[in-house]
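The structure under discussion appears below in the form of structure tokens.
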Amino acid sequence: MKKEEIKELSVQELRDQIEVAEKAYRELKVTHAISPIDNPAKITKSRREIAVMKTVLRQKELAAQAAASEVKE
């Protein structure tokens with residue numbers, strides 16, 4: 001998933017995607033520990049994709065908090 005696609009997702013969709021990606025990442029790590037996978041770079045790519053999704057989620061949460069605090073003032 002590209003960064004632009006990730007930014008277009010809603011907060012709930014991001015949370016769902018993060019949950020799915022983390023589950024797949026854990027399964028990939030276990031599989032690799034049991035018997036080496038063909039492309040170990042998949043592990044790194046998966047971990048980085050999760051990090052990007054978490055970063056975008058946090059940015060959206062902070063933006064929502066800032067908007068909420070501006071409305072109160």
Side-chain angles (χ1 to χ4, degrees):
M1 187 177 275
K2 294 185 178 181
K3 194 171 186 178
E4 294 81 27
E5 295 172 350
I6 293 172
K7 287 184 178 183
E8 292 174 1
L9 297 174
S10 70
V11 172
Q12 187 57 42
E13 290 173 332
L14 268 173
R15 287 186 178 130
D16 294 340
Q17 288 290 329
I18 290 170
E19 185 177 324
V20 169
E22 285 179 334
K23 183 178 179 186
Y25 172 72
R26 285 191 302 271
E27 289 175 3
L28 193 61
K29 294 255 317 174
V30 169
T31 303
H32 184 63
I34 294 170
S35 64
I37 58 176
D38 294 335
N39 186 4
K42 283 175 136 180
I43 296 172
T44 304
K45 184 178 178 186
S46 178
R47 187 176 65 240
R48 288 183 180 164
E49 187 174 296
I50 292 168
V52 169
M53 285 191 278
K54 285 183 174 183
T55 301
V56 171
L57 176 63
R58 183 66 179 146
Q59 288 171 346
K60 288 184 181 226
E61 289 173 345
L62 290 175
Q65 287 178 353
S69 68
E70 287 179 10
V71 170
K72 289 181 180 180
E73 292 178 356

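No donor-acceptor distance shorter than 3.5 angstrom exists from the side chain of K3 to the backbone of V56, with no hydrogens or angles considered.
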Solution key, residues 12-20 side-chain donor-acceptor pairs under 3.5 Å, sequence neighbours excluded:
unit_1	atom_1	unit_2	atom_2	d
Q12	NE2	D16	OD1	3.2
E13	OE1	S10	N	2.9
E13	OE1	S10	OG	3.4
R15	NH2	E61	OE2	3.0

Report all side-chain donor-acceptor pairs from residues 29-53 shorter than 3.5 Å, counting only partners two or more places apart or in another chain.
unit_1	atom_1	unit_2	atom_2	d
T31	OG1	E27	O	2.8
H32	ND1	I37	N	3.2
N39	OD1	A41	N	3.2

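A distance of 10.5 Å separates CG in L9 from CG in L57, rounded to the nearest 0.5 Å.
Residues passing the side chain to side chain contact (heavy atoms under 4.5 Å, CB included) test with E5 are M1, K2, sequence neighbours excluded. Taking the side chain to side chain donor-acceptor pair (under 3.5 Å) definition, one finds that E22 meets it with K54, sequence neighbours left out.
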